[in-house]
Amino acid sequence: MAHADLVASLREAGVNRGDLVALVVTPALGYGLAAAGRTWAVPGVAAEVGRADEALRPRWVTWSGQAAARLAADGVRLATGWDIAAAHRLLFGGWRADPGWAWARIRRLDTDAMPASGPPDLFGMDEGDGTDPVAPDGHLRPAWTGGGWADRPDRIARWAGLALTTAELQREALSGLEDRPMALPTVRAESTAELLCAELSADGLPMDRAVAERVLTSLIGPRPRSEAEAASLRAARDAEVLRHLPAGVTADLRSPVQLRTLLGRLGMDVPDTRAERLRALRDAHPIVGALLEWRKAERIATTYGYAWLDQHLGADGRLRGAWTGSDGAAGRMTASAGLHNMPAALRPAVVAAEGHVFVRADLGQIEPRVLAAVTGDPALTAATRDDDLYAPVAAQLGVDRPTAKVAVLGAMYGQTTGHGAQALRRLSTAYPVAMAYLDSADRAGQAGRDLRTYGGRLIVLTAAEPRSSSRAAAYGRYARNAMIQGAAAELFKVWAVTVRARCASLGARIVLCLHDELLVHCPGEQAQAVARLVDDCLREAAGRWAPGCGVRFISDTAIVRSWSDAKHGT
DNA sequence: GATTTCACGTA
DNA sequence: CGTACGTGAAATCC
């Protein structure tokens, strides 16, 4: 089939807006597509798929974010997707989501004998009936899951066909989930978030190298010109700490064991040498303060130093890492290259490109608001009408705001210590529906019963084997936290993909997602429009994620040149 | 050489 | 005795 006919072919096959169309991408031979029981092998013209997306707006089925990554590399940004790995993670939990595994689980095949997803077994494509991707036992053949489909057009098309049927089975399973009516829309958002992740990985975060180097210089000194110079700088930093020791006494500061022994010899008995522990001993010995300073610099030097910059900051001024749409637990996005844990000191280096700005928006008090939405607790829902949710909660409980905040957070995170006990009882009286929900999650965690978040994500707890009451309590905390964190992640992703869709025409691109914060990069003249759109998108997202819940979500939105720039309001 | 532990940054 | 992630170095396992 000539690629120019793609739109016509899909039309002829009866593809309408929102219909599932499977798409597999191989760099060498092009694309494979499947829809409505038909398959195509398409020579690799990325733009043609882009045109089909605009003309027909189907929902593109992919096995994983890899396809989206290849498309993004070709400059193609699809509107919506059905990501089999994302749907699988939501349905079944856990990290593993390769095609063979997703295929087996949705068909309830026996997975006990399945090999771990290791290096693919590439022989066997031609042995026996190896041309059939499905083995007699119903599993996908390793030769196919390992990429053996990518070398011939007919196999590429066949692979797309398998993706389509897998996605259809997933859709069916999601529709049948008891008490989780939002599972299907959630998977759609999660899938499109995978497209966003591919773009985040490809685009990177704008960063000013000169500013970054200045920050590093101020924290750890100038860039060492050689390995020897690096070593002597390191030694000089160590000496600042070691000079507090009596003559003849020394230790490797990088070794927690040696450090603990050393502190013991100086009369400070500590169970570990964490910063928080050391801070309490600041006045006990002059070495402690020096040690804390050393730790701070050492962290920057080893993890976020010049090597980090060289490794992840491209010549185009973009800091790139790998993004995944969902972690293995509650479903938050993850990013590598330090994008999610960059020290605040380096944020001034995150600067918009020439003529551009960032619209920086973060959700306020997202977790208690999400709790109100997923439980429908009327009193807590009423509290979300306030910009500061903790103010009405404090009034309701008859305590001050800090106490109210600690109590609410403690209830969501399972904190049992401190003087939260009494406030907790009052919480149960004031917000019985919300608190019962958390209690029930806690009990399920302790008992090892699986849970599903509001959007249907499976929280696996059956594997948990508590051998002590403290262990059981830990699973209880994990469970109640996962229900909140997971639901918050679901709302966040609906928000993010909405922003992605609505802002694209303004030349705006999301460049960072940080659990409850969006950083959108856009031309300066569009800043106001994008900022308004981001806020509108939050209302739209909340309305689609939890229709009619009545919960108010708020965003602190600001136009800034640098990520570190102060936000208005607070 | 691979895996676990410790520590610490972010939310 | 709030959880999640990614990371780097040391410690430990095999």
Side-chain angles (χ1 to χ4, degrees), chain A residues 95 205 219 234 238 251-261 270-279 291-292 294-305 307-308 311-312 321-347 350 362-368 370 405-418 420-421 424 438 441-442 445-446 453 457 459 461 466 468-489 492 512-519 563-564:
Chain A
W95 261 114
L205 178 69
L219 295 172
R234 218 162 31 233
D238 294 1
D252 180 353
L253 300 175
R254 290 163 190 81
S255 161
V257 174
Q258 285 190 40
L259 194 56
R260 184 166 168 260
T261 307
V270 283
D272 57 66
T273 70
R274 291 204 188 98
E276 203 163 331
R277 198 83 65 185
L278 298 181
R279 264 190 282 278
L291 198 51
L292 284 165
W294 176 90
R295 275 260 175 89
K296 214 184 293 176
E298 181 71 6
R299 162 70 37 180
I300 298 281
T302 56
T303 307
Y304 301 102
W308 171 74
Q311 198 176 343
H312 303 291
W323 288 78
T324 52
S326 148
D327 62 29
R332 300 221 286 200
M333 294 171 80
T334 70
S336 66
L339 284 160
H340 272 177
N341 43 5
M342 191 190 306
L346 281 158
R347 289 188 181 193
V350 179
D362 66 64
L363 301 177
Q365 304 167 339
I366 175 67
E367 286 169 333
V370 158
K405 181 174 177 177
V406 167
V408 171
L409 294 176
M412 287 189 298
Y413 301 157
Q415 189 184 43
T416 51
T417 54
L424 203 64
L438 293 171
D442 196 301
Q446 301 217 25
T453 62
R457 180 176 302 282
I459 309 294
L461 290 153
S468 65
S469 65
S470 70
R471 199 53 172 240
Y475 282 115
R477 284 194 301 276
Y478 169 79
R480 64 168 76 206
N481 182 257
M483 294 294 274
I484 300 302
Q485 198 182 92
F492 178 81
L512 189 74
C513 295
L514 197 44
H515 308 315
D516 65 354
E517 177 174 356
L518 279 178
L519 202 60
W563 191 18
S564 62

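As the structure is a computational prediction, the values presented were derived from the model and not from experiment. In what follows, chains are A, B, ... by sequence order, proteins preceding strands, each numbered from 1.
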Quick note, Trp95(A) side chain, CB onward, closest among dA11(B), dT10(B), dG6(C) is dG6(C)
Of the candidates dA4(C), dC8(B), dA11(B), the side chain of His515(A) sits closest to dA11(B)
task: Name the nucleic acid region contacted by Met333(A), choosing base, sugar-phosphate or nothing; use a 4.0 angstrom heavy-atom cut-off, strictly under.
output: nothing
(Q) Measuring to OP1 and OP2 of dG6(C), would you say a side-chain N or O of Ser336(A) lies under 4.0 angstrom away? (A) no
Correct closest heavy-atom pair for Ala482(A) and Ala330(A) would be O-CB, 3.8 Å
- Tell me, yes or no, whether the heavy-atom count around Arg254(A) atom CZ, taken from other residues, nucleotides or ligands under 6.0 Å, exceeds 12. yes
Side-chain contact check for Gln485(A): nearest option of dG6(C), dT3(C), dC1(C) is dT3(C)
Phe492(A) atom CZ is separated from dA4(C) atom C1', nearest whole Å, by 15 Å
Distance-only donor-acceptor test (3.5 Å): side chain Arg295(A), base dA7(B) | no
Thr303(A) and Trp308(A) have their tightest heavy-atom pair at O-CB, 3.3 Å
Heavy-atom nearest pair, Val408(A) first then Pro368(A), reads CG1-CB, 4.1 Å
inquiry  = So, does Ser255(A) get its side chain near the phosphate of dA11(C), meaning an N or O under 4.0 Å from OP1 or OP2?
reply    = yes
- request: Could you tell me whether Asp327(A) and Arg332(A) have a side-chain N and a carboxylate O separated by less than 4.0 Å?
  value: no
* Answer with base, sugar-phosphate or nothing: what part of the nucleic acid does Arg299(A) contact at a heavy-atom distance below 4.0 Å? => base
Here the distance between atom P of dT3(C) and atom CD1 of Ile484(A), to the nearest Å, is 15 Å
Considering every strand and a 4.0 Å limit on heavy-atom distances, what is the contact class for Ala344(A): base, sugar-phosphate, or nothing? sugar-phosphate
Closest of dG8(C), dA11(C), dC5(C) to the Val257(A) side chain is dA11(C)
In whole angstroms, the gap separating P of dA7(B) from CG of Leu292(A) amounts to 13 Å
Report which part of the nucleic acid Asp272(A) touches: base, sugar-phosphate, or nothing (heavy-atom distance under 4.0 Å, all strands). sugar-phosphate
Separation of dG6(C) atom C1' from Trp323(A) atom CH2, nearest Å, is 12 Å
Per atom distances to the Arg347(A) side chain, the nearest of dA10(C), dC5(C), dA11(B) is dA11(B)
From CG of Leu278(A) across to P of dC8(B) the rounded distance in Å is 7 Å
From CG of Leu512(A) across to P of dA11(B) the rounded distance in Å is 10 Å
Closest of dG9(B), dC1(C), dA4(C) to the Arg332(A) side chain is dA4(C)
Query raised in the report: So what does Ala482(A) hit on the nucleic acid, given a heavy-atom distance under 4.0 Å: a base, only sugar-phosphate, or nothing?
Result: nothing
**Study point:** Quiz item: Asn341(A) side-chain donor-acceptor pair to dG6(C) base, under 3.5 Å
**Key:** yes
Leu438(A) and Ala411(A) have their tightest heavy-atom pair at CD1-O, 3.7 Å
To the nearest angstrom, the CZ-P distance between Arg279(A) and dA7(B) comes to 13 Å
message = Under 4.0 Å, heavy atoms only, any strand: does Ala275(A) hit a base, just the sugar-phosphate, or nothing?
response = sugar-phosphate
With the side chain defined as heavy atoms from C-beta on, Thr302(A) is closest, among dA10(C), dA9(C), dG9(B), to dA9(C)
Just to confirm, is there a sub-4.0 Å distance from OP1 or OP2 of dT3(C) to any side-chain nitrogen or oxygen of Arg477(A)? yes
Note: Asp272(A)-Arg277(A) ion pair, threshold 4.0 Å (strictly below) | yes
Rounded to whole Å, CG of Asp442(A) lies from C1' of dG2(C) at a distance of 12 Å
Testing dC5(C), dA10(C), dA7(B) for proximity to the side chain of Arg254(A), the answer is dA10(C)
